[in-house]
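So the structure is just underneath, and the comments pick up after that.
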Amino acid sequence: MTDDDTELLSGDHRLPNNPVLHENDVRVEVKERRGLDEVQVHLVNTVQDAVEMMSWLGERRPVLAVDTETTGFNAWDGDLRLIQIGDAMHGWAIPWHMWGGVFVEAMQKYEGQITFHNAAFDARWLTVHTPWEIPWHRTHDTMIMAHVLDPTQQVGLKPLSNRFIDRRASAGEALLKAAFAENKWGWATVPIDFGPYWEYGALDTVLTARLWEQFRADIRYPQVYELEMGVRRVVSSMEDAGSPIDLQYCDDQYQDLTARVERAKQWWLDTYDVKVGSAPQLVKFFQGMGANIDRTTAGGAPSMDKAMLRILAKEFPLAEHILKIRKSEKLAGTYFKNFLEKNVDGVLHPSIRTLGARTGRMSMTDPALQTLPKGEPTVRDAFIPREGEVLLSADYDQIEMRLMAHFSRDPGLAEAFASETDFFVGLARQVFGDPSIDKEDPRRGIVKGVAYGKAYGAGTSKMAETAGLRFDVMQPSVHAFDRNYPGVLRFQNEVGNLGMNRENSEGIGYVTTPFGRRLPADSGRTYTLVNYLLQSHAAEILKRALLNLDSAGLGPNMLLPVHDEVIFSVPKDSVEEVTRTIKECMEVTDGSYLVPLTAGVEGPYDRWGTKYRKKTA
DNA sequence: CCGAAAAGCGCG
DNA sequence: AAAGCGCGCTTTTCGG
């Protein structure tokens with residue numbers, strides 16, 4: 001493999017309807033900036049101030065930065081306090097409740113490019129509290145720019161500003177924090193006209209505008225940035241619309257589970273003087289009963305994890321009891337309690353970071369709806385469609401495996417996707433040369449483990465551990481896999497070598513996705529690049545699908561993205577038609593990949609959990 | 001009292 | 001030759 005990034009490029013990656021970057025904005029003249037000495041900040045406090053701000057707004061500039069100061073993190077419970085606008089030399093702080101009308105008028109008048117730093121945050125507050133609608137087609141985000149340029153750097157406004165603009169950028173923040181401590185103020189209570197508060201709020205827009213100038217020129221692959229800005233728009237709208245849940249059901253489940261957990265924990269305390277939540281106490285308890293605890297945690301302590309307790313349970317039934325308590329506690333505390341606390345009128349509005357991982361995967365918090373248990377459908381049962389609608393779920397079929405076939409160009413692996421039988425059954429038949437293998441055969445699971453192990457960069461010992469097999473039992477299967485799919489091994493070596501060569505010559509090992517996203521490896525860990533490439537490109541494909549779905553008019557029907565899956569709420573009578581549209585938007589079967597990227601649509605469901613229940617004939 | 005770390009566990 | 005990747009949340013523990 002050569003140093004040429006295009007080596008991994010393939011296919012047509014045009015994006016639907018997403019004109020974020022305009023030809024002309026690149027040509028805007030950007031002046032050399034020297035530190036922050038000449039910068040002026042202003043507070044809109046009088047009609048005269050407002051007039052001056054409007055006059056300033058009429059000047060020519062490459063971009064206008066917008067920022068907000070709020071009472072906290074919850075946009076529904078909290079309040080918007082300050083909105084700031086600024087450019088490279090001036091920042092204006094606008095008290096929302098006094099002068100909000102001036103802000104709205106200003107934004108309606110302004111027709112140029114806009115940038116935020118972390119648009120997701122400000123977009124949510126602005127959507128909830130103001131009538132202004134963000135013009136996404138001319139909206140930028142310097143946090144997204146920073147992540148695209150280097151996903152391993154800190155992408156906060158202050159770290160970036162300290163690094164790229166002026167070391168003193170965070171001085172104001174320190175001053176403000178000190179004032180908070182001295183006066184017992186918080187973001188909700190600091191007086192709006194307190195100098196350090198509004199001044200550094202205003203300065204943030206200056207920093208953001210400067211970062212935009214800096215980064216705009218550095219974006220070598222506008223395609224990734226355009227994808228990300230489009231996804232930010234679509235995902236913010238998913239956040240706003242939210243996912244409906246059944247509150248009564250959540251409450252019933254929560255009450256029932258917590259009561260049972262509490263009783264069980266009390267019993268352990270009364271009977272054995274053991275706190276169930278404390279691993280060290282449990283270790284002592286089971287050792288006292290004569291148990292041999294031979295697994296250790298990452299930190300070296302004796303382990304009381306699920307796997308160890310399962311082993312112990314064969315000899316000590318009490319270990320099973322601990323597992324049950326943990327399970328119930330997790331269901332109650334991590335899921336139902338969270339749903340009850342975080343919903344707004346029966347709707348969850350999670351925070352979705354579209355660039356949550358360095359690979360470009362999304363992450364989700366408050367609540368983390370990408371990590372709901374599937375072995376316990378009762379949790380997903382909390383999720384219901386909108387009024388008069390039903391749920392649909394659309395998943396890509398083995399997308400990372402298909403991308404491994406594509407990137408490795410291994411004909412055998414590619415062929416396996418063409419077969420009618422279950423993919424991993426087919427793989428197992430090929431690997432073990434035994435056409436009688438069926439879905440229940442343990443060799444299917446072994447091959448699946450080897451295949452995903454390859455995709456994740458695991459060695460034989462890790463695969464053996466995951467499968468619960470001895471190294472020497474696992475090894476022949478790995479060899480058989482390598483013999484059958486030599487392209488995969490070659491691909492792993494190529495990516496690993498490319499990464500190592502770059503680490504030696506350029507100081508950093510990295511690969512580039514077909515969209516142009518640069519994926520850096522930690523030093524000495526270039527073997528992770530195979531996984532980064534697969535995971536990252538799979539994320540890009542899902543993201544592009546979100547834009548396709550939005551363009552097809554399904555934006556309002558999307559509830560959640562889950563890595564390689566999208567959850568929808570759609571009108572009952574449109575299921576067939578929507579199913580066709582979803583497949584068209586998600587699948588890539590035009591030959592741009594060595595194997596077709598297919599997606600399955602499941603449903604309709606009236607609760608999400610239904611999908612995870614055994615189907616009855 | 002608070003924040004960070006560790007341990008454990010949920011997902012793709 | 002060998003290397004499991006990426007996340008978030010809760011509880012407990014521990015140090016400042």
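These numbers were taken from a predicted model, which means no experiment stands behind them. Letters go in sequence order (proteins before strands), and every chain restarts at 1.
- Across all strands shown, C:dG6 pairs with B:dC11; the Watson-Crick or G-U wobble distances both stay below 3.5 Å.
- Contact of A:Lys306 with B:dC9 (side chain to base): no donor-acceptor pair of N or O atoms is detected under 3.5 Å.
- Looking at residues two or more places apart in sequence or on another chain, you find a side-chain contact (heavy atoms from CB on, under 4.5 Å) between A:Asp246 and A:Gln248, A:Tyr249, A:Ile384, A:Arg607.
- Checked against the 6.0 Å centroid threshold, A:Phe383 and A:Phe339 count as a close aromatic pair.
- Remark: B:dA5 base-pairs with C:dT12; criterion is Watson-Crick or G-U wobble with both hydrogen-bond distances under 3.5 Å.
- Taking only side-chain nitrogens and oxygens, A:Thr526 never comes nearer than 4.0 Å to OP1 or OP2 of C:dA3.
- Using a 4.0 Å cut-off, no side-chain N or O of A:Tyr452 falls inside it from OP1 or OP2 of C:dC5.
- Residue side chain A:Gln535 reaches the base of C:dC5 through a donor-acceptor N/O pair under 3.5 Å, judged by distance alone.
- Looking at A:Arg361, its side chain comes within 3.5 Å of the base of B:dG12 through a donor and an acceptor atom.
- Summarising the local packing, CD of A:Glu262 is surrounded by 12 or fewer heavy atoms from other residues, nucleotides or ligands at distances under 6.0 Å.
- Looking at heavy-atom distances under 4.0 Å, A:Gly375 makes contact with sugar-phosphate atoms alone, never a base.
- A close approach under 4.0 Å does not occur between any side-chain nitrogen or oxygen of A:Tyr527 and OP1 or OP2 of C:dG4.
- Nearest nucleotide to the A:Arg353 side chain, out of C:dC9, C:dT13, C:dG8: C:dG8.
- Backbone-only contact: A:Ala368 has heavy atoms under 4.0 Å from sugar-phosphate atoms and none from a base.
- Residue contacts shown for A:Met364 are limited to sugar-phosphate atoms, with no base heavy atom under 4.0 Å away.
- Separation of the A:Tyr225 and A:His147 ring centroids does not fall under the 6.0 Å cut-off.
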